[in-house]
Amino acid sequence: MIDINLLRENPELIKASQTARGADVSLVDKAIEADKTRRAKQSEFESLRAEQNAHGKLVAQAPKEQKQELVAQAKELSTKVKQLEAEADKAAELVSELMMKIDNVILDGVPPGGEDDFVVIKEVGQKTDFSFEPKDHLELGELLDIIDTERGAKVSGARFYFLKGAGAQLELAIMNMGLNLAVENGFTPAITPTLVRPETMAGTGFLGEHSSEVYYLENDELYLTGTSEVALAGLHADEIIDPEQPIRYAGWSTCYRREAGSHGKDTRGILRVHQFNKLEMFSYCHPDQAEQEHERLLGWQEQMLQACELPYRVIDVAAGDLGSSAAKKYDVEAWVPTQGKYRELTSTSNCTTFQARRLNTRFKTDGKTQPVATLNGTLATTRWLVAILENHQREDGSVYIPKALQPFVGKEIIEPKG
RNA sequence: GGAGACGUCGCAUAGUCCGGUCGAGUGCGCCCGCCUGCUAAGUGGGUAGACAGUUUAUAGCUGUCUCGAGGGUUCAAAUCCCUCCGUCUCCGCCA
């Protein structure tokens, strides 16, 4: 949720942000209007309630003979108060409804426009070039007997898979390497709940435009999370914390996504699946430090890509492709040889105070409380196997394991099944 | 799955039976003083949040709301009723 004071004091800034996102600008004026109405209604209600409260004290103290008359008056007051209260509540509801719809205000410099309007910040490494016809990750996975989508489909349906042997080890290797990096940098490792209550899911904003992406267990009124960000954001909900130093968590969890609306997209292999593992960074920090922290998160992501010896680029995602909570987002994309393009491996968002305001996570300064900033970023996911397999394949179908991962996998090469 | 107890202002607790004098007492902790070679003790005061109004003000003042959450009864609810959430104990069952 955006800051209501900003709405009152600088609506133009919010309008500009909405415009850059291609979002509804008229929401801003509607919200301002609704806010005015709300305040008027609230004052009206509160002053009459004050009268009622004062009168109530009179009733309590009055001698018996006067009580009946006073109670009769009180009844009248009570009806009026109830009516005004209902009006005030309705006005307040309208405000929050509109406020929820307004996206986070983008940071200066975020490129305007949609999905294709990103700006490339840098490209690192040489795009992998083969002297032979490279195989895609699924072909390799089957050749090496480490990815089995056919049996995944048999057991669970489309977009499910088995990772086996060195494939399973490789995934754990990436996760463990990421976790080590995180711990070295002061993160608290966390294994998080993947089923969460509606309030938690709503608090992180995933029930808005992404609601069709989320699995829901009706019998238990629980949602399956698509990222540990959900649980980590909920971790300090309704708390006052001390973010003098950023409070960092590295959350590992299995992630579940319905992938509704992406039928026919990336159907081959494990690029886009219903269930995968992810190691996610989550940072609570002072709002003044958020932009620096964002650069740090990006830095750690790049370290991971580099450790996996992958060619990649960093893009500054355009406003329209940000997601409602993010004020700025970087994607790190690895080169995927058989597709001839870069594909997203990690994403890091600076949500400024937007998410924390909704989740009510605050800190104290000079006796005042204000929302903290939250940031998140991927450190490793199952999808990385795609890039690793494809970029490090050799002509005979074997795959070289990057040096940094070797200790975790326990071998240097994955050989085709004999 | 069955039975029961409980959820109050940082922590611990009083208040709930018999609704108004309770936005709420006490102890501990913490903060500001006083006292005292230092410390401890003693002593006086303060010690939640959100929102609105007033205001140059995020100071002060005024008001409203919040006693796990949401509803209901009532002129009036921490207190009575209902639903939900959570914690604990006992029994049963079980990876």
Counting only Watson-Crick pairs (N1-N3 plus N6-O4 or O6-N4) and G-U wobbles (N1-O2, O6-N3), all under 3.5 Å, who is the partner of B:G92?
none
What is the separation between atom CZ on A:R197 and atom P on B:G86, rounded to the nearest whole Å?
5 Å
Scan every strand shown for a Watson-Crick or G-U wobble partner of B:G29, both distances under 3.5 Å, and answer none if you come up empty.
B:U47
All N/O pairs under 3.5 Å across the protein-nucleotides 68-74 of chain B interface:
none

Could you give the CD1-to-C1' distance, from A:I240 to B:C9, as a whole number of Å?
13 Å
Rounded to the nearest angstrom, tell me the gap between atom CZ in A:R8 and atom P in B:C51.
9 Å
Residues A:D24 and A:K101 bridged, charged N to O under 4.0 Å:
no
Length of the CG-P vector between A:N53 and B:C75, whole Å
16 Å
My understanding is that a pair needs two contacts under 3.5 Å, Watson-Crick or G-U wobble. By that rule, which nucleotide pairs with B:G23?
none
In whole angstroms, how far is the P atom of B:U62 from the CG atom of A:L48?
21 Å
Need the pair for B:A77. Rule: Watson-Crick or G-U wobble, both distances under 3.5 Å, any strand; none if unpaired.
none
Write down the distance separating the C1' atoms in B:U64 and B:C6, rounded off to the nearest Å.
31 Å
With C1' as the reference atom in both, quote the distance from B:C61 to B:U55 in angstrom, rounded to an integer.
10 Å
More than 12 heavy atoms from other groups under 6.0 Å of CD on A:Q73
yes
Taking the side chain of A:R38 as its heavy atoms from C-beta onward, which of B:A76, B:C51, B:U64 lies nearest to it?
B:C51
Which of these, A:N104, A:T361, A:T374, sits in a side chain to side chain donor-acceptor pair (under 3.5 Å) with A:Q355?
A:T374
Can you run down the salt bridge (Lys or Arg N to Asp or Glu O under 4.0 Å) pairs that involve residues 322-334 of chain A, sequence neighbours left out, and say none if there aren't any?
A:R313-A:E333, A:D316-A:K328
Can you check the distance between B:G23 and B:U16, where both ends of the measurement are the P atom (answer in whole Å)?
15 Å
If I take atom CZ in residue A:R362 and atom P in nucleotide B:A48, what distance separates them, rounded to the nearest angstrom?
14 Å
If each of A:Q52 and A:F45 is mapped to the nucleotide of RNA chain B with the nearest heavy atom, which maps nearer the 5' terminus, i.e. the 5' end?
A:F45
When rounded to the nearest Å, what value does the distance between P atoms of B:C80 and B:U87 take?
24 Å
How is A:R357 classified with respect to the nucleic acid when contacts are heavy atoms under 4.0 Å: base, sugar-phosphate, or nothing?
nothing
In whole Å, what is the span from the CD atom of A:E44 to the C1' atom of B:G63?
15 Å
For B:G42 and B:C84, measure between their P atoms and round to the nearest Å.
49 Å
Gap in Å between the two P atoms, one belonging to B:A48 and one to B:A24, rounded:
11 Å
Quantified in whole Å, what is the C1' atom distance between nucleotide B:C9 and nucleotide B:C65?
15 Å
Could you please name the partner base of B:C18, counting Watson-Crick and G-U wobble pairs only when both distances are under 3.5 Å?
none
In whole angstrom, give me the gap between the C1' atoms of B:C22 and B:C94.
48 Å
Go ahead and name the base partner of B:A5; Watson-Crick or wobble counts if both distances stay under 3.5 Å, otherwise write none.
B:U87
So does A:R49 get a side-chain nitrogen or oxygen closer than 4.0 Å to the phosphate oxygens (OP1/OP2) of B:C75?
no
Could you check A:H55 against A:Q42 and say which one's nearest nucleotide on RNA chain B is further toward the 5' end?
A:H55
Hunt down the Watson-Crick or G-U wobble partner of B:G60, both distances under 3.5 Å, from any strand shown, or write none.
B:U54
Searching all strands shown, indicate the nucleotide that pairs with B:U36 (Watson-Crick or G-U wobble; both distances under 3.5 Å).
none
Member of A:L163, A:L140, A:L389, A:L385 meeting the side chain to side chain contact (heavy atoms under 4.5 Å, CB included) criterion with A:I146
A:L389
Please determine if A:E412 and A:K403 form a salt bridge, counting it only when a charged side-chain N lies under 4.0 Å from a carboxylate O.
no
Does CZ in A:R8 sit with more than 12 non-hydrogen atoms of other residues, nucleotides or ligands closer than 6.0 Å?
yes
By side-chain contact (heavy atoms from CB on, under 4.5 Å), which residues pair with A:L48, not counting sequence neighbours?
A:E51, A:L77, A:K80, A:V81, A:L84
Atom CD of A:E87 to atom P of B:A52: distance rounded to whole Å?
19 Å
Please indicate whether A:D220 has more than 12 foreign heavy atoms, meaning atoms of other residues, nucleotides or ligands, lying under 6.0 Å from its CG.
yes
